[in-house]
2 protein chains.
Amino acid sequence: MGNLDTTFAALSHGTRRAILARLMHGESRLSDLAEPFNMSQTAVSKHVRVLSDAGLLIVEKRGRARHCRLNAEPMKVATDWLIDYQAFWTHQFDNLAQHLAGEGD
Amino acid sequence: MGNLDTTFAALSHGTRRAILARLMHGESRLSDLAEPFNMSQTAVSKHVRVLSDAGLLIVEKRGRARHCRLNAEPMKVATDWLIDYQAFWTHQFDNLAQHLAGEGD
DNA sequence: GTATCACTGAACCATTTGGTTGACAATATA
DNA sequence: TATATTGTCAACCAAATGGTTCAGTGATAC
């Protein structure tokens with residue numbers, strides 16, 4: 001749990017990103033999360049499991065319901081990794097790359 | 001190509017992230033990319049294909065070699081998506097969530 | 001022209017993923 | 001107690017993923 005592999009893998013599915021987006025508005029029960037999706041509750045439950053394993057949300061058993069809430073911490077780690085490439089998407093990454101290559105490793 | 005699904009999926013494998021990291025230092029031939037990895041060149045070629053399909057690198061045929069160079073643009077899109085959650089990992093995302101939930105959707 | 005290098009494509013394989021259904025467990029309600 | 005709600009677990013399935021090997025293609029070097 002919590003490594004870049006599992007974080008990025010968890011984020012690579014639209015349904016799971018939609019679940020996270022929903023949880024930005026506040027915590028939600030699993031059945032409420034499942035309602036808008038055109039799939040079985042079991043399927044949504046599996047997606048929640050993937051997100052939970054990745055540490056992106058926290059499930060709390062309360063009565064017979066499971067309440068999910070966002071835990072964005074792993075996203076920070078993922079973002080930190082991506083940010084290293086910022087220079088390459090902002091401007092002349094092409095030149096920079098050639099420059100670095102020219103300087104010898 | 002270029003959607004969040006394929007971008008995050010491409011980033012979810014350590015080998016592929018290592019390839020991208022290597023390309024930060026400048027472009028590289030496929031065989032040079034493959035060298036440090038303990039797997040066949042075919043396997044690396046497949047990873048490069050995944051990255052290429054995701055738009056994260058550009059392959060240019062030059063003579064008999066394939067030269068790969070970084071294209072970080074899709075990372076910006078992924079980062080933009082992640083940044084929306086920044087408030088939830090910086091401070092009291094818990095309180096914020098409860099506040100938003102309390103305010104009614 | 002022939003051999004070598006760099007790479008792709010096809011076939012294969014094991015594992016994972018994303019979905020289904022049906023049975024069950026646990027909790028709340030009537 | 002009986003019943004409905006909430007969710008999990010197990011079994012199953014098709015498709016995708018990540019790797020292999022072997023054969024072939026196209027460009028370079030000798």
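Every heavy atom of this structure was used, including side-chain atoms; hydrogens, water molecules and symmetry mates were not. Residue numbers start from 1 in every chain, and the chains themselves are labelled A, B, ... in the order their sequence lines are given, proteins ahead of strands. Keep in mind it's a predicted model, so treat the numbers as computed, not measured.
- Note on B:S40: a base of the nucleic acid sits closer than 4.0 angstrom, heavy atoms only.
- The separation between A:R66 atom CZ and C:dA25 atom P is 14 Å, rounded to whole Å.
- Ring planes of B:H13 and B:H47: tilted class, angle from 30 to 60°.
- As judged by a 4.0 angstrom heavy-atom cut-off over every strand, A:R62 is placed among residues making no nucleic acid contact.
- Side-chain nitrogen and oxygen atoms of A:S45 include none within less than 4.0 Å of the OP1 or OP2 phosphate oxygen of D:dG7.
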Enumerate all atom pairs, one protein N or O and one N or O from nucleotides 1-5 of chain D, separated by less than 3.5 Å.
residue: D:dT5; atom: O4'; partner: A:R64; partner atom: NH1; Å: 3.4
residue: D:dT5; atom: O2; partner: A:R64; partner atom: NH1; Å: 3.2

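- For B:R16 (side chain) and B:A10 (main-chain N/O), a donor-acceptor pair under 3.5 Å exists by modelled atom type.
- Checking A:H13 against B:L30, the closest nucleotide of DNA chain C that is more toward the 5' end is the one next to B:L30.
- Distance from the side chain of B:T42 is smallest for D:dT21 among the nucleotides C:dC7, D:dT21, C:dT21.
- Here A:S31 reaches the OP1 or OP2 of D:dG7: one of its side-chain N or O atoms lies under 4.0 Å away.
- A:R29 and A:H67 form no side-chain donor-acceptor contact under 3.5 Å, judged by distance and modelled atom types alone.
- Going from atom CG of B:D32 over to atom C1' of C:dC7 covers 13 Å, rounded to whole Å.
- Under 4.0 angstrom from either OP1 or OP2 of C:dT8 there lies no side-chain N or O belonging to B:R49.
- A:V77 and B:L11 end up in the same hydrophobic cluster when Ile, Leu, Val, Met, Phe, Trp and Tyr side chains are linked at under 4.5 Å.
- Put simply, CZ on A:F8 is 17 Å from P on D:dT17, counting in whole angstrom units.
- Atom CD1 in B:I19 sits about 13 Å away from atom C1' in D:dG18, given to the nearest Å.
- Of the possible donor and acceptor atoms, one in the side chain of B:T79 sits under 3.5 Å from a partner among the backbone N and O of B:M75.
- Within the nucleic acid shown, A:T15 has no heavy atom closer than 4.0 Å to any nucleic acid atom.
- With hydrogens and angles ignored, no donor-acceptor pair under 3.5 angstrom links the side chain of A:K61 to the base of D:dG7.
- Closest to the A:K46 side chain, of the nucleotides C:dT8, C:dG19, C:dA11, is C:dG19.
- Ion pairing of A:R17 with B:D5 is present here, as a side-chain N (NZ or NE/NH1/NH2) and a carboxylate O approach within less than 4.0 Å.
- If you take CE of B:M39 and P of D:dT21, they are 13 Å apart, rounded to a whole angstrom.
- Taking every side-chain heavy atom of B:Q41 into account, C:dC7 is the closest of C:dC7, C:dG18, C:dG19.
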Practice problem: Under the side-chain contact (heavy atoms from CB on, under 4.5 Å) rule, what do B:V59 and B:V48 come out as? Steps first, then yes or no, please. | Solution: CA-CA 9 Å; B:V59 183; B:V48 166; 4.0 Å; yes
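- C:dC5 atom C1' lies 16 Å from atom CD of B:E35, rounded to whole Å.
- One interatomic measurement links the two molecules: NE2 of A:H67 to C1' of D:dT8, which rounds to 16 Å at whole-angstrom precision.
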Quiz item: Please walk me through it: do B:W89 and A:N71 pass side-chain contact (heavy atoms from CB on, under 4.5 Å)?
Solution: CA-CA 7 Å; B:W89 74 60; A:N71 182 37; over 6 Å; no
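- Going from atom NE2 of B:H47 over to atom C1' of C:dC7 covers 16 Å, rounded to whole Å.
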